[in-house]
Amino acid sequence: MPRIPRAEALLPTRALPAASLPCDGGVGPRRARGRLPRAHVERRPKQPHRRRGPQAPRGPQAMELTQDPQLYRMRHSLAHVLAQAMQRYRPGALLGFGPPVDDGFYYDFILPEPISEDDLPALTKLMEEIVKERQEFHYEDLPAEEALARLRAMGEPHKEEYCRELIEKQGLETIRFYRNGPFVDMCEGPHLEHTGQLPKGCFKLHSIAGAYWRGDERNVQMTRVYGWCFKDRKQLRAYEKAREEAKKRDHRKLGKELDIYVIDAEHVGKGLPLWLPAGAVLCDELEKLAREWEFQEGYERVRTPHLTRGTLYRQSGHLDLYRESMFPGMHLPDEGGERPEDAYYLKPMNCPHHHRVFAARPRSYRDLPLRLAEYGTVYRYERSGTLQGLTRVRGMCMNDAHIYITEDQITSEFVRVMELHRRYYELFGLSGYHMRLSLWDPDDPKGKEKYVDDPENWQKTEDLVRRAMQEVGLPFVEVKGEAAFYGPKIDVQLKTVGLQEFTISTNQLDFAVPPRMGLKYVAPDGSEQVPYCIHRAPLGTHERFVSFLIEHYGGAFPTWLAPVQVRLLPIAERHLDYADKVCAALRADFVRAEVDRSSERFGKKIALGRTRKIPVLLVIGDDEVAQEAVTVNRYGIKEQRTLPVEAFRAQLAREIRARAHAKTWEDIDRLD
RNA sequence: GCCAGGGUAGCUCAGCGGUAGAGCAGCGCAUUCGUAAUGCGCAGGCCGUGAGUUCGAAUCUCAUCCCUGGCUCCA
């Protein structure tokens, strides 16, 4: 049985003048803890010589956290309080990492007895007691060998392992230990002066999760206890409220309420959504948008099959570098061969097919840039635990295109692609996004399995993309180890109302696959050259983009996107004929209009129209029939207007054509 | 795939060893009504699936499938 550290015996202590402690700007994880905040985290520290605490050993950019040093200390200190409570609650608990995070803190343990969420109230109580004790935080720095010896004495093998690494790999000469009350932890700090500085009600333990030691699934799985922590009870409440609000907008909830999609795991399969009519409208409108804008940008559309011989993927490199994400191959009875390339595969990407389109005839430099676009459906094998609503699926339809260019055209074309992004984002009113330049990681131990092995070209293309980004003037962050296997990526990271961050679209500069596939064009001097290829998907996939739009608009779509754009509400049965007539006229304009033929009371018709979030409800009563008019009741706008039918048709047509997101009558008037 | 928690009517959920419940949605009848929910009635469930314990299982045990929150991985 491992001992609980008896700090008094171990530590000569020294009071810590908290105010004088520099707040470390770069340490510690900072990862938002939403449902989806995956990746986006660098594997190793950028500043290798930075002193690092026992927090999760991940990258810097603790922006949000370190903006408020006091909050950082509160969260960091609470992690220690949690660990101390756990050692009381489960004597023998071993420690992993326990860092602050964007909305609180967590601590990883190896427990002699498992716990469940039912144990959280008891743990909370213990923590509150520790807070009441006003335990002071003290630290001391030990020379490397002593530090290791102490951790061994404490019986903390994981801490010891990390300590050894700090010493050996990062060259630290001393290791800092913090003590509060009976609890000692190897930790860099900073901490509060004492636990009494934690206001009552400022934290809440909220979940338990498994987490691999050092984030590597080959390692032991620890039990992670998560807590939220804010400045005071009020701010914690506000945060909890924001989370509840976000939950109401969850696309899985709204998707059900608004009949957008279902996932029928039993009959169809996990991660393979069925788009219901309302959802199909959303996809169709997005495709129409992409078709129009891509046409204007000089793209040409192609179509390619969902099933393809392995030969193609052998050549493209997918069978070597992307196979884990592919559905297993199918061997056909009338085609022999046992090799992987003899099988047929559901396509995981559209690019190899587009490359074959490129190769379908000889190409000249005059053809370039050649922009091939397709809303292509791809299938990827995602592990079951990763699937989630529409945001993580196994079959998805991508707003894909591949642009074949000469080296000289890389920058200008990349700029065009980014401008197109900007145009889309403006249309959807997106502002909370940032660009991420995702780079190859030369130090990744698994790099040979993940990336084409061509350091020179990685370097070159990364520089080119970086330059292009600087040229467009879009701010971006660089992250190692997130590149595609064939080249650097520009991912667009979006923070949603649900407080999660995820990749909404992605663009890559591919230097590797075109040569592998023997793509060539004839240059002005008659020589054969290999094109570069830009992969781009500004609207990502229907699945993810629609899930985002649902949450972004809270299900109240702008008129051009709305599955039902207009619902006509006859006040009494005698108004039905007129309503039908107006509805028919609207449908002749390709407006998605319908008549509420129910025998409900009028108030209920309004209520139902509201809950469906239909942009326009038309009130049809005696007055309207007499005047050949409609009374327009718009979602989110109090004031109603009565307009002649023809005027309404014209106005609606303008709004839809402009793909406007009208929130007031003034917005609509401006379109006239 | 791994850790934790859950699957009861189309949806949201109650019941947690003793004859399956509610609200909403659906259907029928009445109501025809001017801005957020009319009344009455009907129908709807092998309590995820399979095995076990028990006189008796939605309820306890085990397995399995799926969902949710995390971890890992990705658009």
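Letters A, B, ... are given to chains in the order of the sequence lines, protein chains preceding strands, and every chain is numbered from 1.
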Within the 4.0 Å heavy-atom criterion, would you say [X] contacts the bases, only the backbone, or no part of the nucleic acid?
X        : answer
A:Ala209 : base
A:Lys489 : sugar-phosphate
A:Val393 : base

Assess, by modelled atom type and distance only, whether the side chains of [X] and [Y] contain a donor and an acceptor separated by less than 3.5 Å.
X        : Y        : result
A:Thr308 : A:His353 : yes
A:Glu382 : A:Ser325 : no
A:Thr304 : A:Lys347 : yes
A:Thr631 : A:Glu624 : yes
A:His354 : A:Asp400 : no

If the plane angle is over 60° it's perpendicular, under 30° parallel, otherwise tilted; pick one for [X] and [Y].
X        : Y        : answer
A:His542 : A:Tyr375 : parallel
A:Trp440 : A:Trp458 : parallel
A:Trp213 : A:His158 : perpendicular

Look at the side chain of A:Glu573 and the base of B:U32, then say whether one donor and one acceptor between them are separated by less than 3.5 Å.
yes
Record whether the side chain of A:Arg392 comes under 3.5 Å of the base of B:C73 through a donor-acceptor pair of N or O atoms.
yes
Report yes if at least one side-chain N or O of [X] is closer than 4.0 Å to OP1 or OP2 of [N]; otherwise report no.
X        : N     : answer
A:Tyr226 : B:A4  : no
A:Lys270 : B:C67 : yes
A:Gln388 : B:G69 : yes
A:Lys256 : B:U12 : yes

For [X] and [N], what is the distance between atoms [atom1] and [atom2] respectively, to the nearest whole Å?
X        : N     : atom1 : atom2 : answer
A:Arg214 : B:C73 : CZ    : C1'   : 19 Å
A:Arg224 : B:C3  : CZ    : P     : 16 Å
A:Arg383 : B:C66 : CZ    : P     : 15 Å
A:Trp213 : B:U72 : CH2   : C1'   : 16 Å
A:Arg218 : B:U72 : CZ    : P     : 13 Å
A:Tyr486 : B:A75 : OH    : C1'   : 11 Å

When you match A:Arg394 and A:Gly385 each to their closest nucleotide on RNA chain B, which lands nearer the 5' end?
A:Gly385
Summarise how protein sits on nucleotides 33-45 of chain B as a single string, 5' to 3': B when a protein heavy atom is under 4.0 Å from the base, S for sugar-phosphate-only contact, - for no contact.
BBBBBB-------
[atom1] atom, [N] versus [M]: distance in rounded Å?
N     : M     : atom1 : value
B:U49 : B:G45 : P     : 13 Å
B:G48 : B:A20 : P     : 14 Å
B:C66 : B:A25 : P     : 33 Å
B:C73 : B:U64 : P     : 26 Å
B:G50 : B:C65 : P     : 15 Å
B:G52 : B:U12 : P     : 33 Å

Measure from the side chain of A:Arg252, starting at C-beta and using heavy atoms only, and say which of B:A75, B:G69, B:C71 lies closest.
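For A:Arg252, the side-chain atoms sit closest to B:G69.
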